[in-house]
Number of protein chains: 2
Amino acid sequence: MTMSLVSILELRHLRTLAALHETGSVSRAAKRVHLTQSALSHQIKALQSHYGLSIIQRRGQAVELTDAGKHLVALAGKVLEEIQATERGLAKMSQQATGSLRIALECHTCFDWLMPLMDAFRQHWPDVELDLVSGFHSDPVKLLEEGGADVVIGSEHKRRRGIVNHPLFRFEILAVLAPEHPLRRKRILHAADFANETLITYPVPEDRIDLILNVLKPADIHPERRTAELTVAILQLVASRRGVAALPSWGLKNYVDHDYVIARRISTHGLWSDLYASTLTETASRPYLRDFLTTARNTCFATLDGIIPLE
Amino acid sequence: MTMSLVSILELRHLRTLAALHETGSVSRAAKRVHLTQSALSHQIKALQSHYGLSIIQRRGQAVELTDAGKHLVALAGKVLEEIQATERGLAKMSQQATGSLRIALECHTCFDWLMPLMDAFRQHWPDVELDLVSGFHSDPVKLLEEGGADVVIGSEHKRRRGIVNHPLFRFEILAVLAPEHPLRRKRILHAADFANETLITYPVPEDRIDLILNVLKPADIHPERRTAELTVAILQLVASRRGVAALPSWGLKNYVDHDYVIARRISTHGLWSDLYASTLTETASRPYLRDFLTTARNTCFATLDGIIPLE
DNA sequence: TTTTGATATGAATTCTATTCATTAATATTT
DNA sequence: AAATATTAATGAATAGAATTCATATCAAAA
């Protein structure tokens, strides 16, 4: 096994390697770069035989990067970042670096990852007017159309002329209980388990709460509700046994690790929700929006546990 | 004209841009990356419409990089170097970073560019035994086969089993005259012009001297010869009117600029020579040899004027 | 053991980069 | 000035390679 005569390495390979590193699995990485698992397998094989080195190693079920793989991943990180940077530079030169990015949040918990992202964005695009559109909005699509916001982050919106849904990621919603809660024995909670509980939610209508919409309502179960604005407030209420909540898995890790609350799967295969960023078609082509989306995905996949790529 | 939704940039584009920067012309760059001029035109067009910016600008006959183009070239430089570096690292990991590189020179003038190259090589491949095989060798191919050298740098050798000719570049051989030499009036020298001159050459047989082999002998002209070991010695003899010489154009620039000697084209379309690096097939696949060849080409194209890519 | 989830592999296919053939434009030569 | 030689751009055709499809293989969990 020896190297071939010219370098076959392309950015595509580096993008794959980066995804592989982030996801720790070939099939997840494939989703991440919008290719099939087979395509990645072939890519990896080509690289391996090119360099005469194995890049990944099967450790039981999971794949692990070898030393060589880690070198290439490090390269990928550097190179892809440099490319992003110069592409931002080019966007500035083509005078497409100005405009506004007013973000409306349908998903309250998303504050968690949005804040650091917005900081980074401000650095990269100093001339884009960045804002958070606060408050609840009954019709976010109308908000986009009327120019009240440039992006809505939330669930998918029905296909509609002039509106694009950019997939972000899929995440699991877990039930959150006080550590001493009687339901702690059950590994998985079902609709019936919520019958006599108080459900603590963000102050939004029922049809915006996945647990109610997809689990409780179909089972004709209508627990009491109590609302709180902030995630920490909800968790505080749960911990002090005022009720139970349902929150994205990623935001819970710290609290669960410190035994402040416990988390349980909802229904057999879990309650999953898909997150999208919706914009006008017009807005979708702006470089800074594209940059916002890719860095949003990148940082989310890098920092949030248990999320999976969409599409 | 707006950006498309995902980055289409690949290393191929960066390699093209780098070549474009080095050569200053689409067709020369095409040769450099072993593609057609058309292919590069299409690549450039794709990039331009992708970024909504022009990358090159036609300044009369020559193409010039725009600001955007320069940014991309800068990126290319950085990225391609980083890739080379990690590929060296990988070669080390696959234990293909040891061995020997003994260089035999058929082309005396090549010392000029070989020395700095060897210094760089030593840095990159500390565990490869690097050497110059000095002296004249009547049968360089045999030298390879018998293990006396690992690379021979010189003209192409006849196709032979087990031997590979790696093309380096094509260069022009110019006649060198003292500034006051009577032939200075002529823009182009022909065989007859050499009839009454003393020809100053390196101490090698006639059939290794392109001027004699391709120009003088066919015209049945046999000037006197005098030899010198070093390029500077030859130039010194020429300057002091002991005769004329024929040397690669690239090594002359400094001396011509300082009016130490003058240079003239030989025959209507010039006397051109092709430079190759020949190795055993076995040696050709070694990573350090490949690295040596690519950096040789890179530094030559970057530093030597008037050379053109082969094949 | 059976089943499930994940990866590897060869063949087929689809896609897209490259070449081919030509036109247009610019420079050089006669 | 006309003619010739270079050089780049462009659309259509081609060739090549990356991806998908369909399976096989493998490890872990039930």
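Just so we're on the same page: letters track the sequence lines, and every chain starts at 1.
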Base, sugar-phosphate, or nothing: which does B:Ser38 touch, judged by heavy atoms less than 4.0 Å apart?
base
Within the 4.0 Å heavy-atom criterion, would you say A:Ser41 contacts the bases, only the backbone, or no part of the nucleic acid?
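Base, at least one base atom sits under 4.0 Å.
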Report the distance from atom [atom1] of [X] to atom [atom2] of [Y], rounding to the nearest 0.5 Å.
| X | Y | atom1 | atom2 | result |
| --- | --- | --- | --- | --- |
| A:Thr86 | B:Leu9 | OG1 | CG | 7.0 Å |
| A:Leu47 | A:Thr16 | CG | OG1 | 8.5 Å |
| A:Arg265 | A:Leu189 | CZ | CG | 11.5 Å |
| B:Thr303 | B:Asn298 | OG1 | CG | 10.0 Å |

Under the salt bridge (Lys or Arg N to Asp or Glu O under 4.0 Å) test, residues paired with B:Lys186 that sit two or more places apart
B:Asp193
For DNA chain D, the dot-bracket pattern of Watson-Crick and G-U pairs whose distances stay under 3.5 Å, | for other-strand partners:
||||||||||||||||||||||||||||||
Name the first nucleotide and the last nucleotide along DNA chain C (5' to 3') that come under 4.0 Å of a heavy atom in chain A.
C:dA6 to C:dA11
Between B:His42 and A:Leu40, just flag the one whose closest nucleotide in DNA chain D comes earlier from the 5' side.
B:His42
Span of DNA chain D, from the first to the last nucleotide whose atoms fall under 4.0 Å of chain A heavy atoms
D:dA18 to D:dA28
Set of residues satisfying ring-ring contact (aromatic ring centres under 6.0 Å, His included) with respect to B:Phe194, sequence neighbours excluded
none
Determine whether more than 12 heavy atoms belonging to other residues, nucleotides or ligands lie under 6.0 Å from atom NE2 of A:His21.
no
Those residues that, when tested against A:Arg12, pass side-chain hydrogen bond (donor to acceptor under 3.5 Å, both in side chains) (two or more places apart):
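Per chain and number, A:Arg12 pairs via side-chain hydrogen bond (donor to acceptor under 3.5 Å, both in side chains) with no residue.
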Check whether any side-chain N or O of B:Glu22 sits under 3.5 Å from a backbone N or O of B:Ala302 as a donor-acceptor pair, and report yes or no.
no
Counting distance only, does the side-chain N/O of A:His13 pair as donor-acceptor with the main-chain N or O of A:Glu10 below 3.5 Å?
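Yes, A:His13 side chain to A:Glu10 backbone: donor-acceptor pair under 3.5 Å.
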